[in-house]
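Have a look at the structure below, then the notes.
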Amino acid sequence: MKHFTLAALTAVGALCASAVALHAEPLKIGIIESLSGSQTSTGRLYATAVKYGVDRINEAGGFNGEPVEVTEYDNAGGAPEAADKFRQAAADGVDIIFQGASSAIAGQLTEDVRKYNLRNPGKEVMFINLGGEAMELTGDKCQFYHFRFTTTAPMRVNALVNAMKEAGDLGDKVYSINQNYSWGQDMQAAVDAVADVGGYEVVDEVLHDVNKIQDFAPFVARIKAASPDTVFTGNWSNDLLLLMKAAGDSGLDVTFATAFLDQPGNIANAGDTAVGHYIANNYDNAAGADAFAETYKAATGHYPIFVEGHTAFAVGTLQSALGNLDFDGGEINVTEIALALEDTVYDTPVGPISVRKEDHQTIRPVVVSKVVKNPKYPTDDTDMGFETVKIVPGELAVYPVQDSCKMQRPDA
């Protein structure tokens, strides 16, 4: 009888082991994004691209013996709402959160993640920031579990100045108009910082309220009065759309140097006056080989636009990092994923992306393009789109680690 009991226990143990193998712990991803309200169109693009990337992981077999799970959380475009959704995601057992629209929301989330991880050692959550470009996120607020998979204001401005000067399109008088919060202030500071290198004078600059101005005609009149050759702006969403519309209506004859001109609707609203304007961005379909753009279109029904390309690359980098890990079906260890991400180099159609360990800023190429007629990839159902002017390699585009970053790393 004793012999039979031991055999039975052995069988039960084998069944339990089999059950564990059949129900390994899945990696859980949460998208905390602006999925309602005025920023819905941008938030939905981030979410679409994250899901595209996760589908590629799952097509390759998933991770830890299970498909990677994705859950969307709508932050409605607000930081307090994002904080609520982070608490919900943490309660749901999410391991990695993705977010892109708004530096203010990214600032809220990285602080929430930092505090949560301090209270829950061994149950850490990682934040992959897809679009929050405020310098403080890799400066005062830098922390080990935050990774920035996009450019910053200095990276975009430096690339624009470099490419436009080479093309003879920069001029010697520059105007700077930006939104009055961390990102816009960073843009204004970056334009001022490279004036000597660019060989230009900043003839005027203005910071304005964010997404509250319905008529930019007075701002355009002020730009006209200053007679600049180039107008730098980090404006995005309605603020860029309405600025471009007012510039077109007034016949303002300047070259715009922008960061988000490829946001859907901007080219159509500006009309033919958009031709010749510049943008510095993470990716442009015309800048690389066709394979990625065609694969994305086959999966989603459209070519990658605006933020979708670099978002898909962020998930691709994560997939490469996961390929170097094996938790054997056991508990997900986010700290080990973060360490693997630090050691990953991911080849995109425009060049390699890697993570700088000191502040978790990605070292990445910056693509400078300008609006032309009859491009390879038309935009906004017009006959206009972007033509690549220059790809600035990551090692030349990146800025120095900020002194304010005091990253606390996990114990070895």
Side-chain angles (χ1 to χ4, degrees), residues 33-49 74-82 99-108 130-134 150-151 153 156 175-188 205-224 231-252 254 256-274 277-282 305-308 311 371 379-382 384-386:
E33 196 48 82
S34 303
L35 302 175
S36 64
S38 62
Q39 306 306 324
T40 304
S41 59
T42 298
R44 179 48 60 193
L45 293 177
Y46 280 118
T48 297
D74 178 14
N75 65 38
E81 292 84 355
Q99 179 268 337
S102 172
S103 286
I105 294 174
Q108 176 72 54
L130 300 166
E133 300 200 10
T150 185
T151 56
R156 294 197 192 237
Y175 195 100
S176 178
I177 178 169
N178 292 286
Q179 295 152 316
N180 192 14
Y181 77 115
S182 53
W183 157 249
Q185 293 160 8
D186 287 344
M187 277 293 293
Q188 181 170 292
E205 57 190 14
V206 63
L207 295 169
H208 59 77
D209 291 341
V210 183
N211 287 327
K212 292 182 179 177
I213 297 167
Q214 297 302 312
D215 182 8
F216 273 85
F219 291 92
V220 170
R222 183 170 164 180
I223 294 171
K224 270 189 170 180
V231 175
F232 278 84
T233 182
N235 280 13
W236 55 280
S237 190
N238 276 358
D239 284 342
L240 179 59
L241 189 149
L242 294 175
L243 174 61
M244 295 303 296
K245 185 175 187 305
D249 291 346
S250 73
L252 179 65
V254 298
F256 274 89
T258 71
F260 301 109
L261 188 58
D262 58 342
Q263 184 175 5
N266 283 331
I267 299 298
N269 271 279
D272 285 351
T273 58
H277 295 331
Y278 280 74
I279 178 175
N281 203 354
N282 291 284
I305 57 173
F306 194 32
V307 300
E308 290 182 297
T311 298
V371 181
T379 299
D380 289 348
D381 295 324
T382 71
M384 297 177 285
F386 297 95

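These values consider heavy atoms only, across backbone and side chains, with no hydrogens, waters or symmetry-generated copies.
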Any ion pair linking Arg44 and Glu33 (charged N to carboxylate O, less than 4.0 Å)?
-> no
Only one of Asn180, Asn178, Asp239 passes side-chain contact (heavy atoms from CB on, under 4.5 Å) with His208, and that residue is Asp239
Examine Arg156 relative to Phe260 and say whether NZ or CZ is less than 6.0 Å from the centre of the six-membered ring and inside a 45° cone about the ring axis.
-> yes
Compare every heavy atom of Trp183 with every heavy atom of Gly234, then report the nearest pair and how far apart it is.
-> O-NE1, 2.8 Å
Side chains of Ile177 and Phe232 in contact at under 4.5 Å (non-hydrogen atoms) | no
Check whether any side-chain heavy atom of Glu133 lies under 4.5 Å from a side-chain heavy atom of Asp186, and answer yes or no.
-> no
Among Asn266, Leu261, Ile267, the one residue meeting side-chain contact (heavy atoms from CB on, under 4.5 Å) with His277 | Leu261
Please round to the nearest 0.5 Å and tell me the distance separating atom CH2 of Trp236 and atom CD of Gln179.
-> 6.5 Å
Might you work through the side chain to side chain contact (heavy atoms under 4.5 Å, CB included) test for Tyr175 and Arg222, ending with a clear yes or no?
-> CA-CA 10 Å; Tyr175 195 100; Arg222 183 170 164 180; 3.3 Å; yes
Side chains of Asp215 and Leu242 in contact at under 4.5 Å (non-hydrogen atoms) | no
Taking atom OG1 of Thr273 and atom CG of Leu252, what is their separation to the nearest 0.5 Å?
-> 9.0 Å
Quick one: are Thr233 and Leu243 in side-chain contact, heavy atoms under 4.5 Å?
-> yes
Identify the two heavy atoms, one from Ala79 and one from Ala104, that lie closest to each other, and give their separation to 0.1 Å.
-> CB-O, 4.3 Å
Output for pair (Met244 CE, Gln263 CD), nearest 0.5 Å, gives 12.0 Å
Rounded to the nearest 0.5 Å, what's the gap from CD1 on Ile223 to CZ on Phe216? Could you check?
-> 9.5 Å
Look up atom OG in Ser36 and atom CG in Asn75, then write down how far apart they are to the nearest 0.5 Å.
-> 8.0 Å
If you look at every heavy atom in Ala246 and Val220, which pair is closest and at what distance?
-> CB-CG2, 3.7 Å
Side chains of Phe219 and Ile213 in contact at under 4.5 Å (non-hydrogen atoms) = yes
Looking at OG1 of Thr151 and CG of Asn281, how far apart are the two atoms once the value is rounded to the nearest 0.5 Å?
-> 7.0 Å
Smallest heavy-atom separation, Ala101 atom then Thr42 atom, equals CB-CG2, 4.2 Å
Which heavy-atom pair separates Leu130 from Thr150 by the least distance, and what is that distance?
-> O-CB, 3.4 Å
Less than 4.5 Å apart, any side-chain heavy atom of Pro264 and any of Thr379?
-> no
